[in-house]
Amino acid sequence: LRELQKKHVCIKEVRGLGLMLGVDIGQSGGPVVAAARDQGLLILTAGETVLRLLPPLTINIEEADLAITILDRALNVIANHE
């Protein structure tokens, strides 16, 4: 997620503890949630601007990499609409 923060200027902060993660994108998270869902990744918002990621404890590295790839594409969707 920190690598995505370097790539996407909309990411204001990445925070969390263990696998409970929040990504503050500084704008409504709804479009990102929808774009991620359309690609098979379920994420939620925590407040208006924070994306909440809470993967299962059984996640493996390939699944985590896929989730980051999908989140990257979802963030590109909103970047292209700015």
Side-chain angles (χ1 to χ4, degrees):
L1 291 174
R2 300 239 187 262
E3 291 300 315
L4 283 184
Q5 186 175 19
K6 294 175 187 174
K7 180 178 178 182
H8 294 279
V9 296
C10 67
I11 297 178
K12 307 300 179 205
E13 180 182 17
V14 174
R15 58 182 178 257
L17 180 64
L19 291 179
M20 296 183 296
L21 304 166
V23 179
D24 189 340
I25 59 171
Q27 58 185 300
S28 175
V32 178
V33 170
R37 183 187 58 238
D38 291 345
Q39 299 175 59
L41 178 64
L42 297 176
I43 58 175
L44 300 170
T45 57
E48 180 68 20
T49 65
V50 178
L51 304 175
R52 179 174 32 183
L53 294 89
L54 186 58
L57 296 176
T58 57
I59 191 169
N60 62 41
I61 193 70
E62 292 82 15
E63 293 165 333
D65 286 343
L66 178 58
I68 295 298
T69 299
I70 293 172
L71 182 56
D72 182 28
R73 289 193 304 239
L75 289 167
N76 281 330
V77 167
I78 63 164
N80 292 332
H81 287 124
E82 292 180 343

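From Leu1, atom CG reaches atom CD of Glu13 across 12.0 Å, with rounding to the nearest 0.5 Å. In this structure, Ile11 CD1 and Arg2 CZ are separated by 10.5 Å, a value rounded to the nearest 0.5 Å. The CG atom of Leu53 lies 10.0 Å from the CG atom of Leu19; values are rounded to the nearest 0.5 Å.
Heavy atoms only, all atoms of each residue included: Asp72 and His8 are closest at OD1-NE2, 2.5 Å. What you find for Ala36 and Ile43 is that their closest heavy atoms are CB-CD1, 4.0 Å. The two residues Met20 and Leu54 have their closest heavy-atom pair at CG-CD1, 3.2 Å. Of all heavy-atom pairs between Val50 and Arg15, the closest is CG2-NH2, 3.2 Å. Listed here is the closest heavy atom pair of Val33 and Leu44: CG2-C, 4.1 Å. Contact record, Ile70 with Leu41: CG2-CB, 3.5 Å, taken as the closest heavy-atom pair.
Looking only at side-chain heavy atoms (C-beta outward), Arg37 and Leu42 come within less than 4.5 Å of each other. Here the side chains of Val77 and Pro31 are not in contact, with every heavy-atom distance at 4.5 Å or above. Contact of the Leu71 side chain with the Val32 side chain is registered, since non-hydrogen atoms from C-beta on lie closer than 4.5 Å. Taking the side chain as every heavy atom from C-beta outward, Glu62 and Leu66 never approach each other to under 4.5 Å.
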